Amino acid sequence: GAGVSQTPSNKVTEKGKYVELRCDPISGHTALYWYRQSLGQGPEFLIYFQGTGAADDSGLPNDRFFAVRPEGSVSTLKIQRTERGDSAVYLCASSLRDARGTDTQYFGPGTRLTVL
Amino acid sequence: DQQVKQNSPSLSVQEGRISILNCDYTNSMFDYFLWYKKYPAEGPTFLISISSIKDKNEDGRFTVFLNKSAKHLSLHIVPSQPGDSAVYFCAARYGFNQGGKLIFGQGTELSVKP
């Protein structure tokens, strides 16, 4: 079946602009996660959705970052007034979160964001 | 505060030999540990996992060992193949009921020489 998809694969923007990054999770997966990966580092957690609601947004670095998942499937990560330090690969993952509790997260290919 | 650490940024192994990748963690509340493999320009691919109540899990050429008292886990790949060359990330999960976010190490780049 289809995996997690993310669009665009690359986004170049100028400092101060607004960007939206999209994630299509695996069909039927109720949980969706956003991570950010900077060069030479492992992915860092940003936000987790269970269904339509943000169950944990403790990783969002500041109020310029916001994410939605209005119908419990596709999610959009929104960044306002982008800064050069926001440049990174933004990864999306989804999981089934079934009763067994194994909850393996499957990742998309990521969106590489470059802020000039 | 780095809760999950992979202290070796790189590892080089000869084809056919064993690769051992190590990972240390500090938080005893982690309930699941996972290894992901990442090729350039791709997202991390799930490899193998282990519950905190077990000490070993095996899947084909891949075995993960967990030593809870030392807060240490390792991934063994045997025999290593050139296609295994990638960056390997260790990740730890906060409890299932805490949302399941993953904390990743910095990664170890494995190079398997033919």
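Letters A, B, ... are given to chains in the order of the sequence lines, protein chains preceding strands, and every chain is numbered from 1. Being a predicted model, the structure only gives us computed values, none of them experimental.
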Checking heavy atoms, do the side chain of A:S58, its backbone, both or neither come under 4.5 Å from chain B?
side chain
Reported OH-to-CD1 distance for the pair A:Y35 and B:I103, which is rounded to 0.5 angstrom
7.5 Å
Max heavy-atom pairs within cutoff under 4.5 Å with chain B, candidates A:Y33, A:F107, A:Y48, goes to A:F107
To the nearest 0.5 Å, what is the distance between OG1 on B:T45 and OH on B:Y88?
10.0 Å
What option among B:K101, B:E42, B:E109, B:K38 has the most heavy-atom pairs under 4.5 Å with chain A?
B:K101
Enter the distance from B:K113:NZ to B:S85:OG here, rounded to the nearest 0.5 Å.
7.5 Å
Which bit of A:E44 is near chain B, if near means a heavy-atom gap under 4.5 Å: side chain, backbone, both or neither?
neither
Going by an N to O cut-off under 4.0 Å, is there a salt bridge joining B:D24 and B:K71?
no
Using the rule given for side-chain contact (heavy atoms from CB on, under 4.5 Å), can you reason through A:L77 versus A:R22, listing the C-alpha separation, both sets of side-chain angles and the distance that settles it, and then say yes or no?
CA-CA 6 Å; A:L77 178 66; A:R22 176 187 166 108; over 6 Å; no
Check whether A:Q41 gets within reach of chain B through its side chain, its backbone, both or neither, counting any heavy atom under 4.5 Å.
both
